[in-house]
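Computed over heavy atoms, backbone and side chain alike; hydrogens, waters and symmetry mates excluded. Letters go in sequence order (proteins before strands), and every chain restarts at 1.
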Number of protein chains: 2
Amino acid sequence: MTSVPTPPWRKSPRPVKQQLSQALIVETGLRILDAEGLDALSMRRVAQELDTGPASLYAHVSNKDELLELIYDLVLGEIEVREPDPANWKTQLREYAMESHRVLGRHADIARAAMAAVPTGPNALRLGEYMMALLISAGMDPRDASFGVDRLSLYIAGDAYEGSQHYARMRSKGMNDRESYLNSFVGQIKDYYRSLPPERFPMLVTYVDELTDPDGEARFEYGLDLLIDGMAARMK
Amino acid sequence: MTSVPTPPWRKSPRPVKQQLSQALIVETGLRILDAEGLDALSMRRVAQELDTGPASLYAHVSNKDELLELIYDLVLGEIEVREPDPANWKTQLREYAMESHRVLGRHADIARAAMAAVPTGPNALRLGEYMMALLISAGMDPRDASFGVDRLSLYIAGDAYEGSQHYARMRSKGMNDRESYLNSFVGQIKDYYRSLPPERFPMLVTYVDELTDPDGEARFEYGLDLLIDGMAARMK
DNA sequence: ACCTGAACACCGTTCAAGT
DNA sequence: ACCTGAACACCGTTCAAGT
């Protein structure tokens, strides 16, 4: 089917509006989420971006919660997964967790939807299938595999959500540089802990530095390894 | 100081309004949260309950986030803690986690604040001090103890938050019975997984029952033991 | 079937004014 | 110092009406 450009004198008086569609709405939502955060993502804001009224969206998504779930599954689509390799299940599971965490981190504010979501979107299914295949093929008991997958997913989403809170706090303070924010924030906590009465809070005062270690990545991996080691111990 | 009742004819035309105070506002907030959920907790709703306008609250709390943090610390006050017993650190840490989880579960919708909060409230400090004292006295390395406390707290809050989402979904569906909701909900997921193409999702189809086990308590304890076992392995 | 404008019943927060 | 009414700049969702 060849198409020919409409000659300018035949153009309708106002440019033809781009057709609405669920995909378009979801993509627009994600763009707003990434650029301006969860607080800025409203039905009205999405509608405005698409040059229409908020009521128009309801022909394509049933409400805001559903929109959030759809955006979440779109984000999950970025997580890539390789062929399960049973012999190296531990490192592969770890890599999967790291990759998921990275992807959620790139779209910080989606993490809240991650915690609320029931895994029914196409990408959630794909990833669930992958994790189960990896663990079952490695010989794990189905119940251990199911619970392990569930707890690991919760942990990944939980950490990402916590991270997104920091990000939101930073934005609300009008700061832009992640590093300088983290330093000033951790500095404040440190000062506060150090000012505590040492006879009442000897531990907090003594171990300020350990307790306020700002390396979020190290904390995530630490907990991840606690979980994976525990799963390995239940393997044989 | 003895006080005598004011005679009825001296009463002011309208009854004297109960004095506002931060404590009163926070308690009122918690009451609304427990009875009607996070969505119902608004500055306006709290003000209405206290028979005043929303603007009046801002003399006692600087904004809604602060109110949420204060409510959260009030909830943490319900968590009781015993003298650290280094010899039984594992069971004591486990009991602490279970107790925290129970308390957060009683006030389901506070869990979101739990994930966002920086531990600076009096009760957060008390509990942090307790966990650190328990682990350090048991001989754990300070960094392992700090990270362990941090990851365990995240896990507890994360699971409670996930639970609160189910609770909210139930409320939004107008249901009241926790059990019957869970059954119908899990039933839907089961049906959906079973309807999936088995050649594309063999694992999800085969292990539906394990994957949709509705026993939230068992899932929580499973992940808790993964974490605590991992911590124990890093102990010696 | 899809889109719209207008309306309903809400929000958090600020600010000048009162006591 | 504390409280207030009124206002500002928003929300999500519904609904009758249009095409």
Side-chain angles (χ1 to χ4, degrees), chain A residues 12-30 32-33 35-72 109 112-113 116 165 168-169 171-174, chain B residues 12-30 32-33 35-72 109 112-113 116 165 168-169 171-174:
Chain A
S12 47
R14 293 187 295 153
V16 178
K17 184 91 113 333
Q18 183 170 20
Q19 278 270 230
L20 276 183
S21 73
Q22 189 179 80
L24 190 60
I25 291 170
V26 172
E27 282 158 28
T28 307
L30 178 55
I32 295 173
L33 199 73
E36 301 166 55
L38 187 58
D39 288 343
L41 178 68
S42 66
M43 299 300 275
R44 296 176 113 98
R45 185 77 180 68
V46 172
Q48 174 197 298
E49 206 76 7
L50 294 168
D51 230 340
T52 181
S56 305
L57 307 179
Y58 287 83
H60 300 96
V61 296
S62 52
N63 52 44
K64 194 185 172 180
D65 274 353
E66 189 183 286
L67 174 56
L68 235 38
E69 276 175 39
L70 292 167
I71 297 176
Y72 175 53
D109 276 16
R112 199 170 110 196
Q165 301 290 131
R169 238 189 297 269
R171 251 192 325 251
S172 83
K173 289 223 167 67
Chain B
S12 46
R14 293 187 295 151
V16 178
K17 184 91 113 334
Q18 183 170 20
Q19 277 270 236
L20 277 182
S21 74
Q22 189 179 79
L24 189 61
I25 290 170
V26 173
E27 282 158 26
T28 306
L30 178 55
I32 294 173
L33 199 73
E36 301 166 55
L38 188 57
D39 288 342
L41 179 68
S42 67
M43 300 300 273
R44 296 176 114 99
R45 184 77 181 69
V46 172
Q48 174 197 299
E49 205 76 7
L50 293 169
D51 230 340
T52 180
S56 304
L57 306 179
Y58 287 81
H60 300 95
V61 296
S62 50
N63 53 43
K64 194 185 173 180
D65 275 353
E66 188 182 289
L67 175 57
L68 234 37
E69 277 175 39
L70 291 166
I71 297 176
Y72 174 53
D109 277 15
R112 199 170 111 196
Q165 302 289 130
R169 238 189 298 269
R171 251 193 326 251
S172 84
K173 288 223 169 65

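One P atom belongs to dC10(D), the other to dA9(C), and the distance between them is 22 Å to the nearest Å.
Scanning both residues, Q22(B) and E66(B), for their nearest heavy atoms gives NE2-OE2, 3.9 Å.
Where D39(A) and G53(B) each meet DNA chain D at their nearest nucleotide, the meeting point lying more 5' is that of G53(B). Between R45(B) and A55(A), the residue whose closest nucleotide on DNA chain C is further toward the 5' end is A55(A). When each of P54(B) and A59(B) is assigned the nucleotide of DNA chain D with its nearest heavy atom, A59(B) is the one assigned upstream, toward the 5' end.
In this entry the distance linking CZ of R44(A) with P of dA6(C) reads 13 Å, nearest Å. Atom C1' of nucleotide dC11(C) and atom CG of D65(B) are separated by 14 Å, given to the nearest angstrom. If you take CD of E66(B) and P of dT13(C), they are 11 Å apart, rounded to a whole angstrom. Rounded to whole angstrom, the span from the CD atom of E36(B) across to the C1' atom of dC10(C) amounts to 14 Å. Atom P of nucleotide dC11(D) and atom CG of N63(A) are separated by 17 Å, given to the nearest angstrom. Here the P atom of nucleotide dC10(D) and the NZ atom of K64(B) are 18 Å apart, to the nearest Å. For the pair L20(B) CG and dT4(D) C1', the computed distance is 11 Å after rounding to whole Å. In this structure, CD of Q48(A) is placed 12 Å from C1' of dC10(D), rounded to the nearest angstrom.
At a threshold of 4.5 Å between non-hydrogen side-chain atoms, the residues R171(A) and D109(A) count as touching.
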Starting from the C-alpha separation in whole Å, work towards a yes-or-no answer on side chain to side chain contact (heavy atoms under 4.5 Å, CB included) for I71(A) and L41(A).
-> CA-CA 11 Å; I71(A) 297 176; L41(A) 178 68; 4.0 Å; yes
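Distances shown here put a side-chain N or O of H60(B) below 4.0 Å from the OP1 or OP2 atom of dC3(D). Between T52(A) and dC3(C) there is no side-chain N or O to OP1 or OP2 distance below 4.0 Å.
Between dT13(C), dT13(D), dC3(D), one nucleotide has an atom nearer to the side chain of M43(A) than all others, and that is dT13(D). Minimum atom distance to the side chain of Q19(A) is reached by dC2(C), of the listed dT13(C), dC2(C), dT13(D).
Pair assignment for dA7(D) gives dT13(C), based on Watson-Crick or G-U wobble hydrogen-bonding distances that are each under 3.5 Å. dG18(C) is paired with dC2(D) under the criterion used here, namely a Watson-Crick or G-U wobble arrangement in which both key atom distances are under 3.5 Å.
Considering V26(B), L30(B), I32(B) in turn, I32(B) is the only one that fulfils the side-chain contact (heavy atoms from CB on, under 4.5 Å) rule with T28(B).
Remark: side-chain polar atoms of R169(A) are paired, donor with acceptor, to backbone N or O of A116(B) under 3.5 angstrom.
Across all strands, S42(A) comes closer than 4.0 Å only to sugar-phosphate atoms, never to a base (heavy-atom distances).
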